[in-house]
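Order of the sequence lines fixes the chain letters, A, B, ..., with proteins taken first and strands second; residue numbering starts at 1 for each chain.
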Protein chains: 2
Amino acid sequence: MKFEDYPAPVYPPRCAHPCEECGLRRSPAFLAVSAAELDAIQSFRSGTRVVEAGGRIVGEDRPSAQLYTLYSGWAFRYKTLSDGRRQILSFLLPGDFIGLQDEFADGHTHGVEAVTGTTLCTFERDTLWDLFHTQPKLGYHITWLAAREEKLVDDNLVTAGRRNAGERVAMLLMHLYRRAERAGMVRDGWAEFPFNQQHIADALGLSLVHTNKTLRRLQRLGLYKLDSGWLRILEPHALEALGDYFERPMLPAPLI
Amino acid sequence: MKFEDYPAPVYPPRCAHPCEECGLRRSPAFLAVSAAELDAIQSFRSGTRVVEAGGRIVGEDRPSAQLYTLYSGWAFRYKTLSDGRRQILSFLLPGDFIGLQDEFADGHTHGVEAVTGTTLCTFERDTLWDLFHTQPKLGYHITWLAAREEKLVDDNLVTAGRRNAGERVAMLLMHLYRRAERAGMVRDGWAEFPFNQQHIADALGLSLVHTNKTLRRLQRLGLYKLDSGWLRILEPHALEALGDYFERPMLPAPLI
DNA sequence: CGTATCTTTGAAGGTAGTCAAGGACCGTGG
DNA sequence: CCACGGTCCTTGACTACCTTCAAAGATACG
């Protein structure tokens, strides 16, 4: 059974309803929660926020007072050096938790930017400990999310450090496709792909020009198609082999 | 007051004593804990393990059944591609928690290797949830550690993706010196530096040869000295400016 | 003293960065 | 309707940073 068959909301206009009606939760990508936990999440949640495409979710200069769960849309975490060079650390999809890294900040924060229009559930940072205290299970889940997020960055570091341009692009395309698939953002083999080549370059640690040339090369080889914001993988095995990157089936994730 | 003034054990032969006598805890780098928490940690701990220099702490093929706190020595986390290219993800110092990333594994694990001889406190993975349940505060602390660890990898990703060789080396030297200082491994301005150039190359995503040439260049410029396993920073401001990397004062960390 | 490991250096080649400019597409407004 | 500016994509030419290959020192150790 594919995720497309589930009524997962791709871009709900807004999430103003109670958590128990949350559309995301119907997806099998997320763990079921008890009624008590859902209550705790509901009261942990302080509101909803909408950010337009290209807008800033969290500024790079200081940690935000809020934590977020991305409810719909695509976003990314990034850091910039003082001369403007930017590195994208990881991409964020619905269900991803935002802001944990800064919870224990010694400065050195990162920014979060929306790629598409996004909606977010907001939580107040200073109530986090209370959540751990009253609902240890949810604390455990948050640790789960933090650990998963770090694994993503681990993989990206291997890519930036040890893969060449072709391998990097192959790995990123497969990775984003798989995550989109899991999040129910694939229809008929086409995945939402709202990124421009500057995003890809900044994620892979390549220049814009070289990213373009590498993308075109792999496209001419017939490995994938990209059409007005939608991605289709034509040769998944070739891309996986080229990138030396083989996704394992993903476990259901907690959703806070 | 400098950390050197504290009686922090640099390389205790072994940690077989109860946690309340733990030498690490005397360091101001770590948060104080209550007696009840210390009891919980003590009963969470299942034993002690010693790994010789260069030995494998956690294999790359499968998640280990144990979690660890590094008690003494230096180690690193790494991943290797199928053709042998290796990327070091982060370095580990006393107090660092090991194995969390695999707690929620979907495969895709990483290895951990000892640089020097190390001693580790061991915990059984399947008792982690129990710890969260009975001691939410410690669960919160574990999340703290996970978030800090991810920030380290974030920084390393920026380095591998967007810094050139000189900047990478400058940043790594400053970073390791600062962490050694905090861990009480600096004496008279000399920090323990047990790494060979292959370690540095694998951490920075550079080739061994180019790493060597870059190290020599910065050394000839008089920015640092390296002598039989000990590092002295001669020009901290120059190195920080070159690497565009400015450490903020670090908060006391939890110690599990 | 011989072997293994690590460091150092030179030379050659290639991958990726930089510079520059044209093209495609889109929305806006004259 | 078409001109215009903006953003993003594409391509070529040139440059340079970094990798690879090769081999010679240095150091430690049995």
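In this model, the phosphate group of dT7(C) is not approached by any side-chain N or O of Asn212(B) to a distance below 4.0 Å at OP1 or OP2.
Without hydrogens or angle criteria, Glu192(B) side chain to Val186(B) main chain gives no donor-acceptor distance under 3.5 Å. Remark: side-chain polar atoms of Thr122(A) are paired, donor with acceptor, to backbone N or O of Gly47(A) under 3.5 angstrom. A donor-acceptor contact shorter than 3.5 Å links the side chain of Glu60(A) to the backbone of Thr80(A).
At whole-Å resolution of the value, CZ in Arg216(B) and P in dT8(C) are 5 Å apart. Going from atom CD of Gln198(B) over to atom P of dC6(C) covers 9 Å, rounded to whole Å. Atom P of nucleotide dG17(C) and atom NZ of Lys213(A) are separated by 11 Å, given to the nearest angstrom. If you take NE2 of His210(B) and C1' of dG13(C), they are 15 Å apart, rounded to a whole angstrom. Taking atom CZ of residue Arg217(B) and atom C1' of nucleotide dG10(C), one finds them 17 Å apart after rounding to whole Å. In this structure, the CD atom of Gln219(B) is 12 Å from the P atom of dT7(C), given to the nearest Å. Atoms CZ (Phe193(B)) and P (dC6(C)) sit 15 Å apart, rounded to a whole Å.
The Val209(B) side chain lies nearest to dT9(C) when the options are dT9(C), dT7(C), dT18(C).
A salt bridge is defined here as a Lys NZ or Arg NE, NH1 or NH2 lying under 4.0 Å from an Asp or Glu carboxylate O, and Arg77(A) with Glu150(B) meets this definition. Taking 4.0 Å as the cut-off between side-chain N and carboxylate O, Arg62(B) and Asp102(B) do not count as a salt-bridged pair. Salt bridge annotation for Asp244(B)-Arg162(B): absent, with no cationic side-chain nitrogen under 4.0 angstrom from a carboxylate oxygen. Taking 4.0 Å as the cut-off between side-chain N and carboxylate O, Asp155(B) and Lys79(A) count as a salt-bridged pair.
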Apply the test ring-ring contact (aromatic ring centres under 6.0 Å, His included) to residues Phe76(A) and Phe195(A): give CA-CA distance (whole Å), side-chain angles for both, the deciding distance (0.1 Å), then the verdict.
CA-CA 10 Å; Phe76(A) 60 88; Phe195(A) 310 104; 7.9 Å; no
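Across all strands, Leu206(A) comes closer than 4.0 Å only to sugar-phosphate atoms, never to a base (heavy-atom distances). Gly54(A) comes within 4.0 angstrom of no nucleic acid atom, judged by non-hydrogen atoms across all strands.
No option in Arg86(B), Arg85(B), Gln197(B) other than Arg86(B) meets the side chain to side chain donor-acceptor pair (under 3.5 Å) test with Asp202(B).
In DNA chain D, the stems built from three or more successive Watson-Crick or G-U pairs (distances below 3.5 Å) are C:1-30 with D:1-30.
Heavy-atom distances to DNA chain D give each of Gln197(A) and Arg162(A) a nearest nucleotide, and the one nearer the 5′ end belongs to Gln197(A).
Along DNA chain D, read 5' to 3', the first and last nucleotides having any atom under 4.0 Å from a heavy atom of chain A are dC8(D) to dA13(D).
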